[in-house]
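Beneath this line is the structure, given in structure tokens, with notes to follow.
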Amino acid sequence: MREDEVHIGSVLPELSIDLTPTVVVSTALATMDFTPVHHDTQLARAQGSKDIFLNILTTMGLVERYVTDWAGPQAVIKRINVKLGVPAYAGDRLSFNGTVVSHEDGRFAVEVRGKVSLGDHATGTVLLTLPPAH
């Protein structure tokens, strides 16, 4: 994608991810997060959680993936600012949507929202640059 192909108000296509136990556990391990609430159901429940849940690094990686899948391999992420909300538990579905909200000094701002059945899991803004127009 190039600068001239994106406009304020452009809507990104939705991305939905089934949060199977395998996804939750494998992504926690891939980010070297061995905290038991991300892989041990009994311990997570003993600490008051409904089930195991995504870790922060996975959520951040999925936000980045969502935007770069849309923007393409030449996009450069300059900043990601995300606020975490409700947990994303195993067995749920995480759905992302986004909209381009500004374009200043060659940087686009994309507002992103990741929702699960309990509500907003992650909301934030991703700043990125794109290659110039042809």
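Keep in mind the model is a prediction, meaning the values are calculated, not measured.
Contact record, Leu118 with Pro87: CD1-O, 4.3 Å, taken as the closest heavy-atom pair. Heavy-atom minimum distance, Met1 versus Ala71: CB-O, 3.1 Å. A pairwise comparison of heavy atoms in Ala133 and Glu3 identifies N-CB, 4.4 Å as the closest pair. When all heavy atoms of Leu127 and Ala109 are compared, the pair lying nearest together is CD2-CB, 3.6 Å. Considering all non-hydrogen atoms of both residues, Ala75 and Leu128 come closest at CB-CD1, 3.9 Å. Minimum heavy-atom separation, Ser117 to Asp92: OG-OD2, 2.8 Å.
Counting only residues at least two apart or on different chains, no ring pair (Phe, Tyr, Trp, His ring centres under 6.0 Å) pair has a member in residues 5-29. The salt bridge (Lys or Arg N to Asp or Glu O under 4.0 Å) analysis of residues 23-37, with sequence neighbours excluded, yields no pairs. Residue pairs meeting the side-chain hydrogen bond (donor to acceptor under 3.5 Å, both in side chains) criterion with at least one member in residues 20-29, sequence neighbours excluded: Thr27-Thr58. Under the salt bridge (Lys or Arg N to Asp or Glu O under 4.0 Å) criterion, no residue pair touches residues 95-109, with sequence neighbours excluded. Sorted by first then second residue, the salt bridge (Lys or Arg N to Asp or Glu O under 4.0 Å) pairs that include residues 124-133, not counting sequence neighbours, number zero. Sorted by first then second residue, the ring pair (Phe, Tyr, Trp, His ring centres under 6.0 Å) pairs that include residues 63-86, not counting sequence neighbours, are Tyr66-Phe96.
With sequence neighbours excluded, no residue satisfies ring-ring contact (aromatic ring centres under 6.0 Å, His included) with His39. For Arg45, the salt bridge (charged side-chain N to carboxylate O under 4.0 Å, His left out) criterion is met by Asp51, not counting sequence neighbours. A search for ring-ring contact (aromatic ring centres under 6.0 Å, His included) contacts involving Tyr89 returns nothing, not counting sequence neighbours. For Asp120, the salt bridge (charged side-chain N to carboxylate O under 4.0 Å, His left out) test picks out Arg113, with sequence neighbours left out. Under the salt bridge (charged side-chain N to carboxylate O under 4.0 Å, His left out) criterion, Asp69 pairs with Arg65, sequence neighbours left out. Partners of Arg93 under the salt bridge (charged side-chain N to carboxylate O under 4.0 Å, His left out) rule, at least two apart in sequence or in another chain, are Asp18.
Criterion: ILVMFWY side-chain heavy atoms under 4.5 Å apart, direct or through other members. Under it, Val67 and Val11 are not part of a common hydrophobic cluster. Hydrophobic clustering keeps Val101 apart from Ile80 (ILVMFWY residues linked when any side-chain heavy atoms are closer than 4.5 Å, directly or through intermediates).
For the atom pair CG (Asn81) and CD (Glu111), the distance works out to 11.0 Å, reported to the nearest 0.5 Å. One distance of note links CG of Leu15 with CG of Asn97; it measures 10.5 Å at 0.5 Å rounding. One finds the OG1 atom of Thr129 at 9.5 Å from the NE2 atom of His103 (value rounded to the nearest 0.5 Å). With rounding to the nearest 0.5 Å, the separation of CG in Leu62 from CG in Leu94 is 6.5 Å.
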With side chain to side chain contact (heavy atoms under 4.5 Å, CB included) as the criterion, how do Ile77 and Glu64 come out once you've worked through the C-alpha distance, each side chain's angles and the decisive distance to 0.1 Å?
CA-CA 8 Å; Ile77 301 290; Glu64 184 175 348; 4.1 Å; yes
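Residues Phe34 and Leu29 form a side-chain contact, since some pair of their non-hydrogen atoms from C-beta on lies under 4.5 Å apart.
Counting only distance, with no hydrogens or angles, the side chain of His38 and the backbone of Phe53 share a donor-acceptor pair below 3.5 Å. With hydrogens and angles ignored, the 3.5 Å screen pairs no side-chain donor or acceptor of His121 with any backbone N or O of Lys115.
Under 3.5 Å, the side chains of Asn55 and Thr31 contain a donor-acceptor pair of N or O atoms.
The 12-atom threshold is not exceeded at CD1 of Ile56, counting heavy atoms of other residues, nucleotides or ligands nearer than 6.0 Å.
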